[in-house]
Engineer: 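Next up is a structure, given as C-alpha cells.
Counting convention: from 1, in listed order, for ligands and their atoms alike.
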Amino acid sequence: MTDRRAFLKDVAKGLVVVGAGSLVPGIARAAGERARAPRLVTAGLPEGANETAILDALPGKRPLVKRTYRPLNYETPLELLDQPFTPNDAFFVRYHLTNVPEVSREAWRLEIGGDAVERAVTLRFDDLVKGTLEPVELAAVCLCSGNRRGLSDPHVPGVEWGYGAMGNARWKGVRLRDVLARAGVRKDALEVVLDGSDSPVLDTTPDFVKSIPIWKALDENTLLAWEMNGEPLPRWNGFPVRLVVPGWTATYWTKHIASARVVTQPFKGFWMASAYRIPKGRFPVVDRFLSQEAEASTPITEMVVASLVTNLRGGERFEVGRRVEVRGIAWDGGYGIHSVDVSTDGGASWRRAALGKDLGRFSWRQWAFAFKPERRGVHTVMARASNRIGASQPFDLVFNPAGYHNNVVQRLDVHVG
Ligand SMILES: Nc1nc2c(c(=O)[nH]1)N[C@H]1C(S)=C(S)[C@@H](COP(=O)(O)O)O[C@H]1N2
Ligand SMILES: [Mo]
C-alpha cells in the first residue's frame with residue numbers, strides 16, 4: 001500500500017491529526033529556505049499501530065519523520081536507510097533539551113579538566129584540525145538506544161521511534177585519547193564526563209551530561225569528529241565537533257561537545273544514574289561499565305546485533321513465480337556481521353543472504369536475498385543477523401521498561417496473488 005493510501009485509511013480510522021507542523025520560536029528557518037508544507041505519513045509502522053508522524057524539514061535537512069518538535073526528535077524515513085551511508089541531510093536528529101545554540105568553529109572551545117588530569121587545558125577548533133594530532137576516519141553506525149521503542153509491545157513511554165533513529169556515516173576526527181593526553185591523564189582516572197553546549201530551558205530539566213569509562217575514552221576508535229561523510233557535521237548532528245563512540249549506542253556520542261572532565265569518582269548525573277539503564281543480565285552484551293553498575297541495572301553499552309529490511313515495509317503485493325528481492329542492513333557493537341539468514345515462510349525455513357561490502361566492523365553491512373514465491377497467499381518475510389562472536393537476534397522482544405535494544409526479528413507480511 002502506498003503511504004498516501006495508508007494515510008487516507010488512517011484518516012478514515014481517525015488515527016491521524018491533521019494541521020500540525022507549527023514553527024516553534026527559537027528555530028528560525030535558514031534564509032531563503034521555503035518552509036515545506038508538512039506531509040503526514042504512517043512511517044512504515046505496522047498496520048494497527050496507533051502511530052502517526054509528520055514529514056517536516058529542519059533547516060539544512062530534507063523532510064524527516066518528526067516525532068517531537070520540543071525537543072527536536074526526527075527520524076530517517078526507511079527508504080533512505082537502503083544505502084551504505086546515510087546522507088547528512090537525511091541523518092536522524094535526537095535532542096533531550098530544547099535549547100540548541102549555534103556555535104561557530106571560531107568560537108568553539110573544548111575544556112579538558114577534572115580531578116584526574118595533570119593540568120586543565122582548553123583546545124580550539126584549529127588545535128584539533130591543524131595541529132599535530134593524527135586524523136582518523138572510520139565508518140560507524142550511530143544508533144539511538146531507544147530506536148524502535150514505538151514498536152514495543154507492551155507500549156512503553158518515551159520518544160516513539162520507528163526504525164529510523166539510526167544512520168551510518170564516515171566520521172573524521174582525532175582520537176579522544178590524543179586530546180586527553182594534552183592534559184595528562186592520571187593513573188586513578190575512572191570516567192570521562194562529557195557535556196555539550198545545549199542546555200535546558202527550564203531549571204527542572206537536568207542538563208544532558210554523560211560519562212564513559214576511561215578505557216572506552218582511551219580506545220583508539222573513540223573520536224572527536226568534525227566531519228561526517230566528507231562534509232562538516234550538520235548543525236543538528238553536533239556542529240562543530242561531536243564525540244563518536246563506535247560500537248556503543250549514540251547516547252554517549254555527545255554533540256557540540258564543550259567539555260570533557262576526567263574524574264576519579266563515578267559521575268552521578270541524572271542521565272547516568274536514572275536514564276539509559278538496562279536490567280542486568282537480560283542482554284548478551286560484552287562491554288561492562290562497572291563504575292556505574294547498580295544491583296539490578298547497568299548503563300546501556302554496545303549495540304546488540306540487529307538487522308533491518310530496507311526495501312519492504314510489509315503489505316506489498318507480488319506475483320506468483322516472479323522474483324522478489326529483499327534487501328537490508330545488519331550491524332552489531334563492533335564484532336562484525338557473520339551472516340544474515342532470511343525466511344519467507346514465517347520462520348519454517350531459512351536461507352543465507354548475500355552480504356555486501358565490508359565497510360569496517362563498526363559500519364552496518366548491506367545484504368540481499370531473492371526468492372520466487374510459488375504459492376498464492378501471505379508470505380511472512382523475516383531476517384536474522386548473527387555476529388562474529390555468535391550472538392544473533394531474538395524471536396521475542398527482550399522487554400525492558402525504557403524500550404532499549406529492540407532487536408527482535410522483524411516479521412513482514414507480503415501478499416502473493
Ligand atoms: N549535546 C547533546 N548530544 C547528544 C544528545 C543530546 O541530547 N545533546 N543526545 C544523544 C543521543 S541519546 C543520541 S541518540 C545521539 C543522536 O545523534 P544525532 O542527533 O546526530 O542523530 O546524540 C547524542 N548526543
Ligand atoms: Mo538516543
Engineer: Just need the protein heavy atom nearest to atom 24 (N) of ligand 1, so name the residue and atom and give the distance.
Structural biologist: Trp253 O, 3.0 Å
Engineer: Measuring only between side-chain heavy atoms, which start at C-beta, is Val192 closer than 4.5 Å to Arg261?
Structural biologist: no
Engineer: Would you sort out whether Asp341 and Arg384 count as a salt bridge (Lys or Arg N to Asp or Glu O under 4.0 Å), showing the intermediate values?
Structural biologist: CA-CA 5 Å; Asp341 295 313; Arg384 187 169 189 240; over 6 Å; no
Engineer: Looking at Tyr276, which atoms of ligand 1 are within less than 4.0 Å of one of its heavy atoms?
Structural biologist: 12 (S)
Engineer: So for ligand 1, is Ser145 a polar contact partner (N or O within less than 3.5 Å, distance only)?
Structural biologist: no
Engineer: Scan Phe208, Trp248, Trp171, Phe92 and name whichever one has a ring pair (Phe, Tyr, Trp, His ring centres under 6.0 Å) with Trp253.
Structural biologist: Trp171
Engineer: Examine ligand 1 and decide if any of its atoms is less than 4.0 Å from a heavy atom belonging to Leu97.
Structural biologist: no
Engineer: One thing to verify: whether Asp198 and Lys255 come together as a salt bridge, which I'm taking to mean a side-chain N less than 4.0 angstrom from a carboxylate O.
Structural biologist: no
Engineer: Would you say the side chain of Leu64 lies within less than 4.5 Å of the side chain of Lys61, judging by non-hydrogen atoms?
Structural biologist: yes
Engineer: So for Arg242, does at least one of its heavy atoms come nearer than 4.0 angstrom to any atom of ligand 1?
Structural biologist: yes
Engineer: Do ligand 1 and Thr251 have nitrogen or oxygen atoms that lie under 3.5 Å from each other?
Structural biologist: no
Engineer: Looking at Arg175 and Glu134, is any side-chain nitrogen of the basic one under 4.0 Å from a carboxylate oxygen of the acidic one?
Structural biologist: yes
Engineer: Salt bridge check, Arg124 against Asp126: does any charged N sit closer than 4.0 Å to a carboxylate O?
Structural biologist: no
Engineer: Over 60° means perpendicular and under 30° means parallel, so tell me whether Trp364 and Trp331 are parallel, tilted or perpendicular.
Structural biologist: tilted
Engineer: Looking at Glu293 and Lys280, is any side-chain nitrogen of the basic one under 4.0 Å from a carboxylate oxygen of the acidic one?
Structural biologist: yes
Engineer: Give a yes/no on ligand 1: does Tyr252 have at least one heavy atom closer than 4.0 angstrom to it?
Structural biologist: no
Engineer: Give the residue and atom name of whichever protein heavy atom lies nearest to atom 7 (O) of ligand 1, and the separation in Å to one decimal.
Structural biologist: His96 ND1, 2.8 Å
Engineer: Under 4.0 Å from any heavy atom of Cys144, which atoms of ligand 1 are there?
Structural biologist: 14 (S)
Engineer: Using a heavy-atom cut-off of under 4.0 Å, does the side chain or the backbone of Phe208 touch ligand 1, or both, or neither?
Structural biologist: side chain
Engineer: To which protein heavy atom is atom 21 (O) of ligand 1 closest, and what is the distance rounded to 0.1 Å?
Structural biologist: Phe92 O, 2.7 Å
Engineer: Of the backbone atoms (N, CA, C, O) and the side-chain heavy atoms from C-beta on, which set of Asn237 has a member under 4.0 Å from an atom of ligand 1: side chain, backbone, both, or neither?
Structural biologist: both
Engineer: Should the ring pair Tyr404 and Tyr276 be called parallel, tilted or perpendicular, given that the plane angle runs from 0 to 90° and is split at 30 and 60?
Structural biologist: parallel
Engineer: List ligand 1 atoms under 4.0 Å from Ala250, heavy atoms only on the residue side.
Structural biologist: 10 (C), 11 (C), 13 (C), 14 (S), 15 (C), 22 (O), 23 (C)
Engineer: Taking both backbone and side-chain atoms of Tyr95, is any N or O found less than 3.5 Å from an N or O belonging to ligand 1?
Structural biologist: no
Engineer: Which residue owns the protein heavy atom closest to atom 3 (N) of ligand 1, what's the atom, and how far is it?
Structural biologist: Lys255 N, 2.9 Å
Engineer: Looking at Arg313 and Glu79, does any basic side-chain N land under 4.0 Å from a carboxylate oxygen?
Structural biologist: yes
Engineer: What's the shortest distance from atom 2 (C) of ligand 1 to any protein heavy atom, and which residue and atom give it?
Structural biologist: Asp198 OD2, 3.3 Å
Engineer: With heavy-atom distances below 4.0 Å as the criterion, list the atoms of ligand 1 near Val93.
Structural biologist: 19 (O)
